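Every value quoted in this text rests on a predicted model; they were computed, and no experiment measured them. All values below come from the heavy atoms of this structure, side chains included, with hydrogens, waters and symmetry mates left out. Lettering follows sequence order; numbering is per chain, from 1.
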Amino acid sequence: MSATESEGSTRRLNFIEQEIEKDLQGRFAGRKLKTRFPPEPNGYLHIGHAKSICLNFGLAKKYGGTCNLRFDDTNPSKEEQEYVDAIQDDVRWLGFQWDELHYASDYFEQLYAWAIELIRKGLAYVCDLTPEQIREYRGTLTSPGKNSPYRDRPVEENLDLFARMRAGEFPDGSRTLRAKIDMASPNLNLRDPVMYRVLHASHHRTGDTWCIYPMYDWAHGQSDSIEGITHSICTLEFEDHRPLYDWFCEALGIFHPRQIEFARLNLTYTVMSKRKLLQLVKEGHVAGWDDPRMPTIRGLRRRGYTPESIRDFCERIGVAKFNSTIDVGVLENSVRDHLNQTAQRAMVVMNPIKLVLTNYPTDQVEMVEAVNNPEDPAAGTRQVPFSRELLIERDDFMEDAPRKFFRLKPGGEVRLRYAYIIRCEEVIKDPATGQVIELRCTYDPATRSGSGTAQRKVKGIIHWVSAAHAVDVPVRLYDRLFQCENPDQAPPGGTFLDNLNPDSLQEVVAKAEPALAESQPGQRFQFERTGYFVADEVDSQPGRPVFNRTVALRDSWAKLQAKGKVN
RNA sequence: UGCCCGAUGGUGUAAUUGGCAACACGACGGAUUCUGGCUCCGUUAUUCUAGGUUCAAGUCCUAGUCGGGCAGCCA
């Protein structure tokens with residue numbers, strides 16, 4: 001019985017799952033599936049890594065296997081402990097627990113011993129060519145390379161030289177250990193690839209014990225093998241490396257995991273390369289790696305995304321070998337979906353306009369009952385203060401309203417959510433500017449929500465806060481960081497930075513119902529009719545939360561307006 | 001003018017491995033609604049091209065077109 005059947009899942013298998021099911025019957029019969037997530041600790045994880053994480057951990061879970069976390073720390077000049085810590089934190093936050101935690105650097109001694117073995121077998125040699133010469137000897141995409149003059153060094157000489165490389169006798173870049181494969185191979189990776197380079201650099205874990213470091217190709221597959229990884233899942237650009245991956249395992253006669261490649265994630269309105277993300281941070285275009293506009297896990301987290309929504313997103317986009325670009329709207333829909341079910345509702349006015357109920361008793365305050373989450377009855381209700389002077393959204397009033405504008409207009413009626421139906425009687429303007437500064441309305445006492453006499457229907461329902469009771473809350477209205485679908489498509493002579501959206505952050509001080517002052521950092525809300533927000537975990541103070549907009553609600557009115565179909 | 005990989009509605013992903021091209025999202029239309037949210041119903045639209053094999057081709061073969069990757073002592 002396959003794992004799919006045992007889960008009772010009817011979902012069809014992606015191409016990796018198909019191969020895994022075959023392998024579990026065939027070349028890996030009797031073994032359990034074992035995968036790994038192998039980040040290089042030289043940057044923060046982003047949504048693209050999340051796809052890989054969900055894939056690797058998800059596969060392990062689905063087939064009753066395990067998944068390791070392994071840091072691919074073979075290049076001490078770029079890697080730091082700070083990233084190691086952050087990566088572990090992000091993987092856990094996403095909701096995954098690795099079986100074993102490893103570092104490629106833990107295998108340096110074993111790798112060294114295996115290198116000697118290959119030298120003894122005549123399959124590796126010490127090369128004295130300079131980096132420039134190696135490039136020349138490698139040939140080009142269309143022409144074969146030529147053998148290094150050091151290729152046929154005697155085994156004993158290689159052994160001696162390699163030992164002295166390790167002993168620190170040679171300067172950086174002066175010598176390499178190379179695999180002896182085929183300088184005429186159409187696959188450049190097989191043209192005697194470098195296995196070790198001399199690098200007198202201090203490593204974040206091994207310190208100064210090594211001055212030679214293994215290259216990716218030499219370290220990765222061997223690490224997989226040591227850990228007994230059955231399926232080494234990586235991105236498409238390593239496809240050309242697979243023959244080398246296989247060659248090393250065969251040459252050594254060690255356990256031979258299977259490498260399978262899939263297409264990395266691309267998102268519209270987003271850049272994903274570590275280099276560009278680093279540039280955004282370093283040049284101050286964003287406030288840091290955890291800026292809510294960044295596609296990093298930390299950024300998304302601070303933006304208010306939930307681990308569930310990110311996992312759901314990764315599930316929805318699927319896995320294939322086709323190089324696709326996912327509409328960022330799919331990601332946004334995933335959070336909306338999850339937050340709709342889980343986020344508590346609140347009424348918050350972003351851009352207030354004063355509204356006075358002329359027939360409401362001057363000093364009266366009454367509490368109205370509001371539903372915390374219509375999708376979740378267990379979330380209960382809360383009391384919200386209502387009084388004569390209110391604040392409503394400026395956008396919810398229009399003096400010359402088109403036919404399909406269901407909100408407040410002169411002489412028109414709307415319901416104040418959870419309260420009364422009101423009628424707009426008078427519009428007060430600033431005589432100097434002509435700007436509307438106050439709306440004078442009357443309310444119908446018979447229409448209180450839940451009163452049983454509240455049956456009268458009006459089309460428009462708007463949110464509000466009581467002016468005297470409202471609390472000020474700073475709100476950051478985030479939008480997409482880039483203003484065009486493909487930020488890498490820069491104008492002539494420009495860079496991706498020219499595509500930055502100047503309005504990706506708008507800060508306002510909103511008026512909120514009083515209970516919101518008590519929200520805890522990290523707590524998520526739906527501000528009714530506006531969007532989903534989270535109390536910022538960094539900048540919120542006790543009693544004074546700061547909110548980040550995760551994503552706006554879908555807005556079919558805005559859509560109508562955009563299409564000019566409002567009349 | 002090398003090698004490897006890929007191409008299915010607007011966007012993604014499937015297709016019992018040669019047997020009626022489907023699912024999700026979007027878009028559009030409608031219903032419902034004390035959130036112009038959610039939900040529900042409906043509509044739309046797909047196999048890169050040309051040959052070939054076959055009773056039957058998205059799937060196999062041949063040629064082509066287009067796209068991606070590869071010439072770090074990066075991963």
Side-chain-base donor-acceptor pair under 3.5 Å for [X] and [N]:
X: A:Arg316; N: B:G12; answer: no
X: A:Arg345; N: B:U35; answer: yes
X: A:Gln526; N: B:U35; answer: yes
X: A:Asn323; N: B:G67; answer: no
X: A:Glu239; N: B:G6; answer: no

Whether A:His46 side chain and A:Gly48 backbone form a donor-acceptor pair below 3.5 Å: yes

So, the side chain of A:Thr206 versus the backbone of A:His203: is there a donor-acceptor pair under 3.5 Å, distance only? no

Starting from [atom2] on [N], measure out to [atom1] on [X] and report it in whole angstrom.
X: A:Lys321; N: B:C5; atom1: NZ; atom2: P; answer: 7 Å
X: A:Phe533; N: B:G37; atom1: CZ; atom2: P; answer: 17 Å
X: A:Arg178; N: B:G72; atom1: CZ; atom2: P; answer: 12 Å
X: A:Asn373; N: B:U33; atom1: CG; atom2: C1'; answer: 15 Å
X: A:Asp395; N: B:U35; atom1: CG; atom2: P; answer: 19 Å
X: A:Leu331; N: B:G12; atom1: CG; atom2: P; answer: 15 Å
X: A:Leu244; N: B:A75; atom1: CG; atom2: P; answer: 13 Å
X: A:Leu267; N: B:U11; atom1: CG; atom2: P; answer: 16 Å

[X] side chain: which of [options] is closest?
X: A:Arg197; options: B:U35, B:A14, B:C74; value: B:C74
X: A:Asn340; options: B:G37, B:C73, B:A75; value: B:G37
X: A:Glu40; options: B:G37, B:U13, B:C74; value: B:C74
X: A:Ser324; options: B:U13, B:A27, B:C73; value: B:U13
X: A:Thr74; options: B:A75, B:C4, B:G2; value: B:A75
X: A:Ile461; options: B:G36, B:C5, B:G12; value: B:G36
X: A:Lys565; options: B:G29, B:C74, B:G12; value: B:G29
X: A:Asp240; options: B:G37, B:C70, B:G2; value: B:C70
X: A:Thr142; options: B:C70, B:U33, B:G2; value: B:G2
X: A:Arg417; options: B:U35, B:A71, B:C73; value: B:U35

At 4.0 Å (heavy atoms only), tell me whether [X] reaches a base, stays on the sugar-phosphate, or touches nothing.
X: A:Arg407; answer: base
X: A:Lys404; answer: base
X: A:Tyr213; answer: nothing
X: A:His220; answer: nothing
X: A:Leu129; answer: base
X: A:Lys563; answer: sugar-phosphate
X: A:Pro38; answer: nothing
X: A:Leu141; answer: base
X: A:Ser143; answer: nothing
X: A:Phe405; answer: base
X: A:Leu560; answer: base
X: A:Gln341; answer: nothing
X: A:Ser556; answer: sugar-phosphate

Taking the six-membered ring of A:Trp464, is NZ or CZ of A:Arg417 closer than 6.0 Å to its centre and within 45° of its axis? no

Just to verify, which of A:Leu265, A:Asn333, A:Val335 counts as forming a side-chain contact (heavy atoms from CB on, under 4.5 Å) with A:Phe313? A:Leu265

Would you say the ring centroid of A:Tyr103 lies under 6.0 angstrom from that of A:Phe71? yes

Check: A:His241 ring centre within less than 6.0 Å of A:Tyr245 ring centre: no

Using the criterion of both pairing distances under 3.5 Å for Watson-Crick and G-U wobble pairs, give all stems of 3 or more consecutive pairs involving RNA chain B. B:2-7 with B:65-70, B:10-13 with B:22-25, B:27-31 with B:39-43, B:48-52 with B:60-64

With side chain to side chain donor-acceptor pair (under 3.5 Å) as the criterion, how do A:Glu82 and A:Tyr44 come out once you've worked through the C-alpha distance, each side chain's angles and the decisive distance to 0.1 Å? CA-CA 9 Å; A:Glu82 173 197 354; A:Tyr44 286 86; 2.6 Å; yes

For B:U17, glycosidic torsion class - syn if within 90° of 0, otherwise anti: syn

Chi class for B:G68: syn within 90° of 0, otherwise anti: anti

Closest nucleotide of RNA chain B for A:Asp128 versus for A:Tyr418: which of these residues is on the 5' side? A:Tyr418

Nearest-angstrom distance, [atom1] atom, [N] to [M]:
N: B:C73; M: B:C60; atom1: C1'; result: 45 Å
N: B:U47; M: B:A22; atom1: C1'; result: 12 Å
N: B:G51; M: B:G10; atom1: C1'; result: 31 Å

Could you say whether the aromatic ring of A:Phe322 and the base of B:A7 stack, counting only centre distances under 5.5 Å and plane angles under 30°? no

Basic-acidic side-chain contact under 4.0 Å: A:Arg529, A:Asp395: no

Is there a donor-acceptor contact under 3.5 Å linking the side chains of A:His338 and A:Arg311? no

What do the steps show when you test A:Asn373 against A:Arg345 for side chain to side chain donor-acceptor pair (under 3.5 Å), and what is the final call? CA-CA 6 Å; A:Asn373 185 349; A:Arg345 314 287 128 126; 3.1 Å; yes

Tell me, do A:Asp217 and A:Trp247 make a side-chain contact under 4.5 Å, heavy atoms counted? no

